[in-house]
Amino acid sequence: MTGKILVSACLMGHAVRYDGRSKPLIHPAIDRWREEGRLVTICPEMSAGMAVPRPPAEIENSAAGEDVLAGTARVMEISGGDVTEGFRQAAENALALARETGCRYALLIDGSPSCGSGFIYDGSFSGGRHPGHGVTAALLQQAGIEVYSDREIDRLVERLAAD
């Protein structure tokens, strides 16, 4: 086994998303990695004490996770609450767990203001989205962990086969 994989809890069937649901990722590699003991599951938001369900949140003004980490953008709830510090803490918790458990890769749910790695929503709560990283995905990448979205699982399979 060459490297463990940090994986979004919602992809593993845990009902931890903002809407109280899960979004299970069904793929033969998930079963194999589970059997091999390679998967380390986390919901970054829950690790930071956020409730389920919780109000939808997006990174404001079409910014991205890197901007939140730099202090130039906020994560806002649809109700107007500023949850930036919670999302920063969530990212720090995910990075700490990845380091403690030897994760070299992350498989995260796309679209999330925390875990999105291919796209995130634009902050308007209108369904508009743009390419970018959520706060956790950005911090993991900055730390040298390879991040893949749930839509890129086949790329991760290929990457691991090359190890």
Side-chain angles (χ1 to χ4, degrees), residues 3-25 30 33 38-125 127-152 156:
K4 290 194 175 188
I5 305 160
L6 188 73
V7 62
S8 295
C10 60
L11 294 176
M12 299 303 294
H14 300 272
V16 295
R17 289 171 43 93
Y18 75 93
D19 59 5
R21 297 182 180 175
S22 65
K23 198 168 186 180
L25 180 58
I30 295 289
W33 296 334
R38 294 183 79 161
L39 300 178
V40 177
T41 303
I42 187 172
C43 171
E45 294 91 351
M46 285 199 66
S47 79
M50 294 182 198
V52 174
R54 57 189 170 271
E58 296 183 5
I59 300 172
E60 66 181 354
N61 301 324
S62 295
E66 292 85 353
D67 302 308
V68 174
L69 294 171
T72 60
R74 299 177 302 168
V75 183
M76 302 297 293
E77 293 176 330
I78 195 168
S79 59
D82 183 339
V83 289
T84 304
E85 288 310 311
F87 275 80
R88 283 187 183 157
Q89 184 62 57
E92 292 290 342
N93 293 349
L95 178 58
L97 180 62
R99 286 180 170 157
E100 288 169 14
T101 57
C103 292
R104 294 176 40 203
Y105 310 96
L107 180 62
L108 306 176
I109 185 77
D110 224 354
S112 160
S114 184
C115 294
S117 63
F119 74 89
I120 54 175
Y121 291 93
D122 66 8
S124 68
F125 296 97
R129 58 190 207 180
H130 63 95
H133 301 111
V135 183
T136 295
L139 187 63
L140 292 173
Q141 280 196 320
Q142 288 175 4
I145 295 169
E146 294 181 34
V147 176
Y148 296 83
S149 80
D150 54 307
R151 297 175 301 118
E152 299 175 308
L156 179 55

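Reckoned from all heavy atoms, side chains included, excluding hydrogens, waters and symmetry mates. Computed from a predicted structure; not experimentally measured.
A donor-acceptor pair under 3.5 Å is formed between the side chain of D150 and the backbone N or O of D110. A donor-acceptor contact shorter than 3.5 Å is absent between the side chain of S149 and the backbone of S117. Between the side chain of E66 and the main chain of A138, no donor-acceptor pair closer than 3.5 Å is present. No side-chain donor-acceptor contact under 3.5 Å links R104 to the backbone of E146.
The two residues A73 and A63 come nearest to each other via the heavy atoms CB-CB, 3.6 Å. Closest of all the heavy-atom pairs between G20 and V52 is CA-CG1, 3.5 Å. Of all heavy-atom pairs spanning G86 and A48, the tightest one is O-CB, 3.5 Å. Between G134 and I120, the shortest heavy-atom contact is N-CG2, 3.7 Å. Between V16 and C10, the shortest heavy-atom contact is CG2-N, 3.7 Å.
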Go through M76 and V83 one step at a time and tell me if the side chain to side chain contact (heavy atoms under 4.5 Å, CB included) criterion holds.
CA-CA 6 Å; M76 302 297 293; V83 289; over 6 Å; no

How far apart are the C-alpha atoms of I30 and M12, what are their side-chain angles, what is the distance that settles it, and do they pass the side chain to side chain contact (heavy atoms under 4.5 Å, CB included) test?
CA-CA 9 Å; I30 295 289; M12 299 303 294; 4.0 Å; yes

Run the side chain to side chain contact (heavy atoms under 4.5 Å, CB included) test on L107 and L25 for me, step by step, so that the C-alpha distance in whole Å, both residues' side-chain angles and the decisive distance to 0.1 Å come before the verdict.
CA-CA 10 Å; L107 180 62; L25 180 58; 3.9 Å; yes

Test side chain to side chain contact (heavy atoms under 4.5 Å, CB included) on D122 and E58 and set out the steps.
CA-CA 7 Å; D122 66 8; E58 296 183 5; 4.1 Å; yes

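Of the inter-residue distances, the one linking S112 atom OG with F119 atom CZ reads 9.5 Å to the nearest 0.5 angstrom. Atom CG of L108 is separated from atom CG of L6 by 6.5 Å, given to the nearest 0.5 angstrom. To the nearest 0.5 Å, the span separating OG1 on T101 from CD1 on I5 amounts to 11.0 Å. Taking CD of E92 as the start and CG of L97 as the end, the distance is 13.0 Å to the nearest 0.5 Å. Taking CD of E77 as the reference point, atom OG1 of T84 lies at 10.0 Å (rounded to 0.5 Å). Annotation: the span from S8 atom OG to H14 atom NE2 amounts to 11.0 Å, rounded to 0.5 Å.
Applying the side-chain contact (heavy atoms from CB on, under 4.5 Å) rule to P56 yields the partners Y18, I78, F125; only residues at least two apart in sequence or on another chain are considered. Every residue two or more places apart in sequence or in another chain was checked for a salt bridge (charged side-chain N to carboxylate O under 4.0 Å, His left out) with R99, and none qualifies.
Sparse packing is recorded around CZ of R21, with 12 or fewer heavy atoms of other residues, nucleotides or ligands lying under 6.0 Å away.
Within the 4.5 Å cutoff, no side-chain heavy atoms of V68 are placed close to those of F87.
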